[in-house]
Amino acid sequence: MLLRQPTTVSEAQECLAQGAVPVGGATLVWATWQRDGFPDLAMSLRGLPEATAVGPESLGAAVVLNRMGDRVPDVLRRAAGSVGTGAVRRTATVGGNLVGSSLRCLLPAALVLDARARVLGPDRPYETDLAEVMAKRHLLLGLRWRTPLVSGYRKQPAEAGGPPPLVVATAVHADGGGGHRLRVAVREGYDVLSESTACDAGADEALDTLERTDIGALPAGTRDVVREQVADILATLAGR
């Protein structure tokens, strides 16, 4: 297997045109390759500056999970810190987790940040929403978002080898008109859903609105966790 490490977007496009298989930390594909055979050509984005950047409102797809620190919002940092073991977090990448994993542990955090994805198309890089990235499995270059006022994250304990643990992510953003908007994302099993609502009237009204969305159809125990997380994040906002 030949591994290419492009340092420019045009080099990365050339690699794709040659049939290179994108690979990050290879934590999710190595076993498959050992079983089914290695590709002739693979490509890592770790030499591409755009894909390795870490900032308060942007994150590259080739960043490994333990490199985020406090430069990113709390919800994203805590989501990354909950993935696997320390050894996994030193190798696994943002792009691999979002696009290459069925668990997509970072997705709820990215959704409540209202993140946009920058992807590499056949002709040029362009920006799109996360739903398109998940559906079409684009080559992800990075994420961009607006800094939230507050954010939170909760991952329920789960037995090893069992179903994926429940995840609830929350964030509050200024809405541009002097008010605030709450975003909530829930991973229940392998499914992730997200909703948003105005939250200036308090937690009870925000929760009543959320109950009339797909969140209201979740199991009672899951909705209890959502209620707790919403109450906590809005209390944090009030205490600022």
Side-chain angles (χ1 to χ4, degrees), residues 1-54 59-68 76 79-110 115 117-143 155 158-165 167 187 189-192:
M1 181 182 73
L2 176 64
L3 177 65
R4 296 277 301 277
Q5 290 188 296
T7 58
T8 66
V9 168
S10 60
E11 288 178 2
Q13 288 175 310
E14 181 181 341
C15 289
L16 284 181
Q18 294 171 353
V21 177
V23 57
T27 57
L28 296 170
V29 299
W30 193 261
T32 301
W33 286 350
Q34 288 180 313
R35 184 190 67 222
D36 299 335
F38 287 75
D40 293 331
L41 181 63
M43 173 179 63
S44 169
L45 297 181
R46 291 190 178 181
L48 189 64
E50 181 175 355
T52 56
V54 182
L59 183 65
V63 174
V64 295
L65 301 186
N66 75 337
R67 277 195 54 222
M68 294 186 198
L76 195 54
S82 75
V83 175
T85 63
V88 169
R89 294 190 293 273
R90 288 191 294 272
T91 307
T93 62
V94 172
N97 185 273
L98 284 171
V99 183
S101 169
S102 60
L103 294 176
R104 299 175 294 177
C105 298
L106 300 185
L107 182 57
R118 187 165 171 80
V119 302
L120 184 58
D123 302 318
R124 59 180 176 81
Y126 66 94
E127 192 172 282
T128 187
D129 59 36
L130 291 170
E132 181 179 327
V133 175
M134 299 300 107
K136 298 184 178 180
R137 299 179 70 84
H138 289 306
L139 178 59
L140 182 67
L141 294 175
L143 302 174
K155 186 175 187 178
E159 294 183 6
V167 168
R187 186 186 72 187
Y190 290 96
D191 297 324
V192 179

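You'll find the side chain of Val133 stays beyond 4.5 Å of the side chain of Leu98, heavy atoms only. Proximity of Arg187 to Leu107: side-chain heavy atoms (C-beta onward) are nowhere separated by under 4.5 Å. A heavy-atom distance below 4.5 Å is not found between the side chains of Leu106 and Leu143. Val119 has its side chain out of reach of Lys136: every pair of non-hydrogen atoms, C-beta onward, lies at least 4.5 Å apart.
Smallest separation of non-hydrogen atoms from Met1 and Pro39: CG-O, 3.1 Å.
A search for side chain to side chain donor-acceptor pair (under 3.5 Å) contacts involving Glu50 returns Arg118, not counting sequence neighbours. In this structure, Arg137 has no side chain to side chain donor-acceptor pair (under 3.5 Å) partners at least two apart in sequence or on a different chain. Residues satisfying the side chain to side chain donor-acceptor pair (under 3.5 Å) test with Glu132, not counting sequence neighbours, are Tyr126, Thr128, His138. When the side-chain contact (heavy atoms from CB on, under 4.5 Å) test is applied to Arg90, the partners found at least two apart in sequence or on another chain are Asn66, Ala87. Not counting sequence neighbours, the partners of Glu14 by the side chain to side chain donor-acceptor pair (under 3.5 Å) test are Gln18. Under the side-chain contact (heavy atoms from CB on, under 4.5 Å) criterion, Thr8 pairs with Ser10, Glu11, not counting sequence neighbours. Checked against salt bridge (charged side-chain N to carboxylate O under 4.0 Å, His left out), Arg104 has no partners two or more places apart in sequence or in another chain. Applying the side-chain contact (heavy atoms from CB on, under 4.5 Å) criterion to Ala62, with sequence neighbours excluded, gives Leu45, Arg46, Ala51, Thr52. The side-chain contact (heavy atoms from CB on, under 4.5 Å) check on Val54 picks up Leu59, Val63, Arg67, Arg71, Val72, with sequence neighbours excluded.
Side chain of Arg89 to backbone of Val64: no donor-acceptor contact under 3.5 angstrom is found. Between the side chain of Arg4 and the backbone N or O of Leu41 there is no donor-acceptor pair closer than 3.5 Å.
Within a 6.0 Å sphere centred on CG of Asp40, other residues, nucleotides and ligands contribute 12 heavy atoms or fewer.
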Original post:
After noting the C-alpha distance and the side-chain angles of Val192 and Val167, does the key distance pass the side chain to side chain contact (heavy atoms under 4.5 Å, CB included) rule?
Top reply: CA-CA 9 Å; Val192 179; Val167 168; over 6 Å; no

Original post:
Passes side chain to side chain contact (heavy atoms under 4.5 Å, CB included), Leu139 versus Met43? Steps please.
Top reply: CA-CA 11 Å; Leu139 178 59; Met43 173 179 63; 3.7 Å; yes

